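Atoms considered below: every heavy atom in the structure, side chains included; atoms not considered: hydrogens, waters and symmetry mates. Not measured: the values here are computed from a predicted model. Every chain is numbered from 1 and lettered A, B, ... according to where its sequence line falls, protein lines coming before strand lines.
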Amino acid sequence: MTEPTTIFHRYLNAPHIFRKDREILRPSYLPEKLPHRENEIEQLASIMSTAMRGGRPSNVIIFGKTGTGKTAVIKYLAREVQRTEELVEKEVLDIPDMAFIYLNCEIVNTPYGILQNIGNRFIKDFSSMIPFTGWPTEKVYNMLVSKLDESPKIVIVVLDEIDKLVYNSGDDVLYYLAKINDDMKNSKLSIIGISNDLKFMEFLDPRVRSRLSEEKMVFPPYNASELKDILEERARLAFNPGTVDEGVTAVCAALAAQEHGDARRALDLLRVAGEIAERSGDRRVTANHVYAAKDKIELDCTAETIKTLPLQSKLVLMAIIMHGEQGRNRLTTGEVYSAYAELCDFVGTKPLTQRRITDLISELDMLGIINAKVKSFGRGGRTKEIQSSVSLKDAKRILMQDSDIKEIGDYRLKQTYL
DNA sequence: TGTCCACTGGAAGGGAGGGCTT
DNA sequence: AAGCCCTCCCTTCCAGTGGACA
């Protein structure tokens with residue numbers, strides 16, 4: 001008699017490459033040690049230790065590209081602060097009250113939101129919390145000052161992606177936070193700003209700029225050998241012994257190092273390579289799985305970009321794809337526009353003007369979905385030469401998932417373009 | 001050398017929508 | 001709730017452009 005099986009058995013019986021917790025390979029996982037960031041941790045710890053002696057730590061601005069460990073280092077220090085506080089509670093240590101507040105300015109990006117979020121951390125009673133909206137910003141600020149100043153404490157506010165805040169709503173809130181120490185008698189507040197964009201400082205008022213950047217730190221990109229160390233450490237924790245070929249971490253590291261030493265990308269490559277190996281029932285992760293992972297991540301990324309395009313951009317892309325399917329790979333703006341207008345007519349939506357479509361074409365170019373170069377054809381005029389940079393088949397398949405344009409699938413462009 | 005083509009891309013402004021303030 | 005303000009998306013207008021061609 002055969003055992004009863006379900007569709008999942010094949011996967012359940014496959015060799016286990018991962019240990020139980022594959023979260024270890026997610027960029028959000030915080031390991032016990034952060035290799036090759038010892039100096040940065042040391043430097044920040046020394047700045048922050050001022051707080052433990054009752055002083056106000058200098059404001060710090062941290063620069064570094066994505067995946068250089070900025071947020072990881074901050075979260076590492078936040079954990080250390082928490083551990084220190086536990087020692088205070090056990091009366092092993094005697095240091096002033098500290099608060100470590102982490103805000104991501106991609107999510108909280110208005111002056112009101114920042115002040116409200118910080119203020120509410122110090123209000124225990126739910127009914128007297130600062131509302132999401134409705135108060136004048138000045139009132140929120142005054143409330144924040146009075147709550148912070150109730151008892152002596154040192155507050156460290158981390159503003160991750162601070163550039164987003166500045167681009168979204170200027171430097172008003174930074175001005176408030178920079179002057180808050182003048183308005184408090186008992187407590188002190190300092191700011192750690194994190195950014196991957198050096199230019200945003202130019203948009204700050206000179207007074208805010210100098211107050212904010214009392215200390216500056218730059219996190220350099222990891223090189224291939226540093227990335228390899230990071231990966232090996234994580235791989236040891238995440239994979240079962242003997243399931244990862246020698247050289248796999250080196251390939252991941254080398255690929256990620258080509259892209260400005262992004263540790264996040266390196267970890268993604270390793271995790272996805274492991275998943276591909278496990279899914280195909282292989283016993284070991286090999287370099288080939290890493291290359292497959294690279295393709296998968298790139299395709300997923302393109303798919304995500306295309307899926308989230310607004311309808312009009314999707315129609316423009318569809319127009320380019322349809323030309324491509326009919327053998328025309330190099331198009332002018334005029335040709336794309338005519339086909340786009342035809343598709344708009346087909347789906348029953350009003351076409352935008354050609355001027356606007358010029359902008360949408362430039363956006364698609366910036367996203368890397370198409371390639372558009374301005375070219376002059378002499379008497380034929382000056383226009384953009386446009387071609388798709390992604391596989392027509394893949395792009396169309398992704399576009400067809402949009403219910404608004406699904407029915408375009410078998411449509412053939414009416415016009416003949418010479 | 002001047003003309004002409006088919007746009008490009010900057011500027012200004014309208015209007016819808018959403019958040020802030022009173 | 002209503003007014004104000006800002007942002008985003010879009011239109012309209014238009015000067016400017018590179019290069020083939022007469």
Check your understanding: Hey, what do you get for NE2 (A/His260) to OG1 (A/Thr66), rounding to the nearest 0.5 Å?
Key -> 3.5 Å

Exercise for review: Please determine if A/Arg79 forms a cation-pi arrangement with A/Phe100, meaning its NZ or CZ atom is less than 6.0 Å from the six-membered ring centre and no more than 45° off the ring axis.
Suggested key: no

Check your understanding: Does A/Thr358 make a side-chain N or O approach to OP1 or OP2 of B/dG9 shorter than 4.0 Å?
Key -> no

Revision key, fill the gap. A/Lys350 atom NZ is separated from C/dT11 atom P, nearest whole Å, by 6 Å

Exercise for review: Applying side-chain contact (heavy atoms from CB on, under 4.5 Å) between A/Cys252 and each of A/Leu267, A/Leu231, A/Val285, A/Val272, report the one that passes.
Suggested key: A/Leu231

Study note, to complete from the structure: Contacts of A/Arg382 and A/Phe377 projected onto DNA chain C by closest heavy atom; the upstream (5') one is A/Arg382

**Study point:** Ring-face cation contact, A/Phe219 with A/Lys65, 6.0 Å cut, 45° max
**Key:** no

**Study point:** Shortest side-chain distance from A/Val374, nucleotide among B/dT8, B/dC7, C/dT12
**Key:** B/dT8

Exercise for review: Taking only the side-chain nitrogens and oxygens of A/Ser376, find out if one of them lies under 4.0 Å from OP1 or OP2 of C/dT17.
Suggested key: no

Review point. If you check the A/Thr333 side chain, which of B/dC7, B/dG2, C/dT12 turns out closest?
Key: B/dC7

Practice item. Determine whether A/Ile369 and A/Leu309 make a side-chain contact, defined as any pair of heavy atoms from C-beta on separated by less than 4.5 Å. Key: yes

Study note, to complete from the structure: In whole angstroms, the gap separating P of B/dG19 from CD of A/Gln116 amounts to 13 Å

Review point. At under 4.0 Å, does any side-chain N or O of A/Arg356 touch on OP1 or OP2 of C/dC10?
Key: yes

Study note, to complete from the structure: note: A/Asp365, atom CG; B/dT8, atom C1'; distance rounded to Å ~ 14 Å

**Study point:** Between P of C/dC9 and CD of A/Glu363, the distance in whole Å
**Key:** 8 Å

Check your understanding: Rounded to the Å, how far apart are A/Gln354 CD and C/dT12 P?
Key -> 13 Å

Check your understanding: Does A/Thr383 put a side-chain nitrogen or oxygen below 4.0 Å from OP1 or OP2 of B/dT8?
Key -> yes

Point to revise | For atom CG of A/Leu311 and atom C1' of C/dC9, their distance in whole Å | key: 14 Å

Check your understanding: Counting just side-chain N and O atoms, does A/Lys384 come under 4.0 Å of either OP1 or OP2 of B/dG9?
Key -> yes

Exercise for review: Please state how far atom CG in A/Leu352 lies from atom C1' in C/dC10, giving the value in whole angstrom units.
Suggested key: 7 Å

**Study point:** Rounded distance (Å) that lies between atom P of B/dG9 and atom CD1 of A/Ile361
**Key:** 11 Å

Check your understanding: Nearest of C/dT11, C/dC21, B/dT8 to any side-chain atom of A/Thr353?
Key -> C/dT11

Practice item. Determine whether any donor atom in the side chain of A/Arg379 lies under 3.5 Å from an acceptor atom in the base of B/dT3, or the reverse, and answer yes or no. Key: yes

